[in-house]
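Let me begin by presenting the structure, written as structure tokens, before commenting on it.
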Amino acid sequence: MTATCRTASAAEVALMLDWAAKEGWNPGLDDAAAFHAADPEGFFVAEADGAPVAAISVVNHDPTMAFLGLYLCRPDYRGRGIGFALWQHALAHAGDRTVGLDGVAAQQANYAKSGFALAGATRRFMGQLEAVTAEGHRPARPADLASVAALDRAACGYDRPAFLSAWLADSATRKTVVAEDGGTLTGFATIRACREGCKIGPVIAKDAEAALALAASAAATLPGQPLFIDAAPGQDALAARLEALGFQETFATARMYRGAAPAPNGTLQAVATMELG
């Protein structure tokens, strides 16, 4: 079946997130605008019979790095080659950048056929956390953006200025707290209200204990339970601490890269989103 692959509008990005909610992905209530701001040209749909039937995002964060997500196809249009045609169309947007993704483990072999190599697992935990603001933590301010961006760059191994600018904007459904020591920012965490409960991410901190303290401070700024925390690849200490607090792992994704993987410094304790990295 022939479908037309094209760039999605802002309204269609919202539709993509509605599809994701139906698949059980539990997106944030106000994710659409922040996602679209990250790279307005990086969201795509395949149109057939006069309507979007498949979707994907390949968001270019900086000249070296892109992240793929929101790969969805309506059930009644699966098995017709539409999704794969859109996949190829969207990947062209990344050019020669490294492309990362968090995909379901069952699809690893298919992603490998497109040149993606396994680099670890992103693990989602769900549970309850006492909301307590720790000493040295405070709400993020607009003047913190440069310092927060520097922490994020070191933690992720690449820049994502457009995404961060939108993600860190304070709103009724998204709050960010920072850890400050002697006037220097040492970490931060963002919490956002989702279709169910709240997700906390990214969490950037020196270790698991500092990450949990930031998560608790973030929880104090935005009521909502349960809490979801997506532990970054390799952060086994955080995963163990969450499990000790009664959090349950609900699923894990395969973190994969096509191209040279970034070189983070180990402070990315929890990812912002499984759709944009």
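- Across Pro202 and Asp152, no two heavy atoms sit closer than the pair CG-OD1, 4.4 Å.
- The two residues Leu118 and Ala254 come nearest to each other via the heavy atoms CD1-CB, 3.7 Å.
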Quick one: do Leu276 and Phe35 satisfy side chain to side chain contact (heavy atoms under 4.5 Å, CB included)? Show the steps, please.
-> CA-CA 8 Å; Leu276 271 70; Phe35 279 21; 3.6 Å; yes
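- Summarising the local packing, CD of Glu249 is surrounded by more than 12 heavy atoms from other residues, nucleotides or ligands at distances under 6.0 Å.
- Between Val99 and Tyr257 the shortest side-chain heavy-atom distance does not fall below 4.5 Å.
- The number of heavy-atom neighbours closer than 6.0 Å to CD of Glu23, taken from other residues, nucleotides and ligands shown, is above 12.
- By the 6.0 Å and 45° rule, Arg74 does not stack over the aromatic ring of Tyr77.
- For Asn110, the side chain to side chain contact (heavy atoms under 4.5 Å, CB included) criterion is met by Gln107, Lys113, not counting sequence neighbours.
- Although no hydrogens or angles enter the test, the distance criterion places no donor-acceptor pair under 3.5 Å between the side chain of Arg160 and the main chain of Cys156.
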Would Asp31 and Arg192 count as a salt bridge (charged side-chain N to carboxylate O under 4.0 Å, His left out) if you check the C-alpha gap in whole Å, the side-chain angles of each, and the deciding distance to 0.1 Å?
-> CA-CA 9 Å; Asp31 279 0; Arg192 77 192 197 275; 2.8 Å; yes
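- At a threshold of 4.5 Å between non-hydrogen side-chain atoms, the residues Arg6 and Phe44 do not count as touching.
- Contact check on Arg195 versus Asp18 returns a salt bridge, with a Lys/Arg side-chain nitrogen under 4.0 Å from an Asp/Glu carboxylate oxygen.
- Atom SG of Cys198 is separated from atom CG of Asn26 by 9.5 Å, given to the nearest 0.5 angstrom.
- Going from atom CG of Leu214 over to atom NZ of Lys206 covers 11.0 Å, rounded to the nearest 0.5 Å.
- Taking the six-membered ring for Trp and the full ring otherwise, Phe116 and Trp87 have centroids separated by under 6.0 Å.
- Annotation for Ala48 and Val53: closest pair O-CG1, 3.9 Å, computed over non-hydrogen atoms.
- Asp39 places a side-chain N or O within donor-acceptor distance of the main-chain N or O of Asn60, the cut-off being under 3.5 Å.
- Transitive grouping of hydrophobic side chains (ILVMFWY, heavy atoms separated by less than 4.5 Å) brings Phe125 and Val203 into a common cluster.
- With values rounded to the nearest 0.5 angstrom, Lys199 atom NZ is found 7.5 Å from Met274 atom CE.
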Determine, stepwise, if the pair Ile56 / Leu68 fulfils side chain to side chain contact (heavy atoms under 4.5 Å, CB included).
-> CA-CA 7 Å; Ile56 195 171; Leu68 182 153; 4.0 Å; yes
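- The backbone N or O of Ala210 lies less than 3.5 Å from a partner atom in the side chain of Asp207, making a donor-acceptor pair.
- Salt-bridge check for Arg97 with Asp62: failed, with every basic side-chain N at 4.0 Å or more from each acidic carboxylate O.
- Side-chain contact between Cys194 and Leu29 is absent, with no heavy-atom pair separated by less than 4.5 Å.
- Partners of Leu212 under the side chain to side chain contact (heavy atoms under 4.5 Å, CB included) rule, at least two apart in sequence or in another chain, are Leu238, Arg241, Leu242, Leu245.
- A donor-acceptor pair under 3.5 Å is formed between the side chain of Arg78 and the backbone N or O of Cys73.
- Between Gln128 and Pro226 the shortest side-chain heavy-atom distance falls below 4.5 Å.
- Proximity of Trp19 to Pro52: side-chain heavy atoms (C-beta onward) are separated by under 4.5 Å at one or more points.
- There is no path of hydrophobic side-chain contacts, each under 4.5 Å, that joins Trp25 to Tyr71.
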I would like to know whether Phe43 and Leu70 meet side chain to side chain contact (heavy atoms under 4.5 Å, CB included); could you show each step before the answer?
-> CA-CA 9 Å; Phe43 295 81; Leu70 290 172; 4.0 Å; yes
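- Annotation: the span from Glu47 atom CD to Ile82 atom CD1 amounts to 11.0 Å, rounded to 0.5 Å.
- The ring-ring contact (aromatic ring centres under 6.0 Å, His included) check on Tyr158 picks up His61, with sequence neighbours excluded.
- Taking Ile, Leu, Val, Met, Phe, Trp and Tyr as hydrophobic and joining them when side-chain heavy atoms fall under 4.5 Å apart, one finds Val132 isolated, its cluster having no other members.
- A distance-only check finds a donor-acceptor pair linking the side chain of Glu12 to the backbone of Ser9 [under 3.5 Å].
- Residues Phe247 and Phe228 have side chains not in contact (no heavy-atom distance under 4.5 Å, counting atoms from C-beta outward).
- Residue Val58 comes nearest to His93 through the heavy atom pair O-CD2, 3.0 Å, listed as atom of the first residue, atom of the second, then distance.
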Thr122 and Asp102: side-chain hydrogen bond (donor to acceptor under 3.5 Å, both in side chains), yes or no, with the steps?
-> CA-CA 7 Å; Thr122 301; Asp102 275 312; 2.8 Å; yes
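- With rounding to the nearest 0.5 angstrom, the CZ atom of Phe67 is 9.0 Å from the OG atom of Ser57.
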Just do the side chain to side chain contact (heavy atoms under 4.5 Å, CB included) check on Ile191 and Arg174 with the steps written out, would you?
-> CA-CA 6 Å; Ile191 185 170; Arg174 188 182 293 109; over 6 Å; no
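- Between Pro264 and Ala155 the shortest heavy-atom distance is CB-O, 2.8 Å.
- Met126 has its side chain out of reach of Ile229: every pair of non-hydrogen atoms, C-beta onward, lies at least 4.5 Å apart.
- Counting Ile, Leu, Val, Met, Phe, Trp and Tyr side chains that sit under 4.5 Å apart, directly or through other members, Val148 shares a hydrophobic cluster with Leu145, Leu151, Leu164, Leu168, Val178, Leu185, Phe188, Ile204, Leu268, Val271.
- Sorted by first and then second residue, the pairs that involve residues 215-234 and meet side-chain hydrogen bond (donor to acceptor under 3.5 Å, both in side chains), not counting sequence neighbours, are Arg124-Asp230, His137-Ser217.
- Put simply, the side chain of Thr186 never gets that close to the backbone of Asp181: no donor and acceptor are under 3.5 Å apart.
- Taking each heavy atom of Ile200 and Ala189 in turn, the nearest pair found is CG2-CB, 4.3 Å.
- In this structure, the side chains of Val45 and Leu15 stay at 4.5 Å or more apart for every pair of heavy atoms.
- Thr273 places a side-chain N or O within donor-acceptor distance of the main-chain N or O of Glu275, the cut-off being under 3.5 Å.
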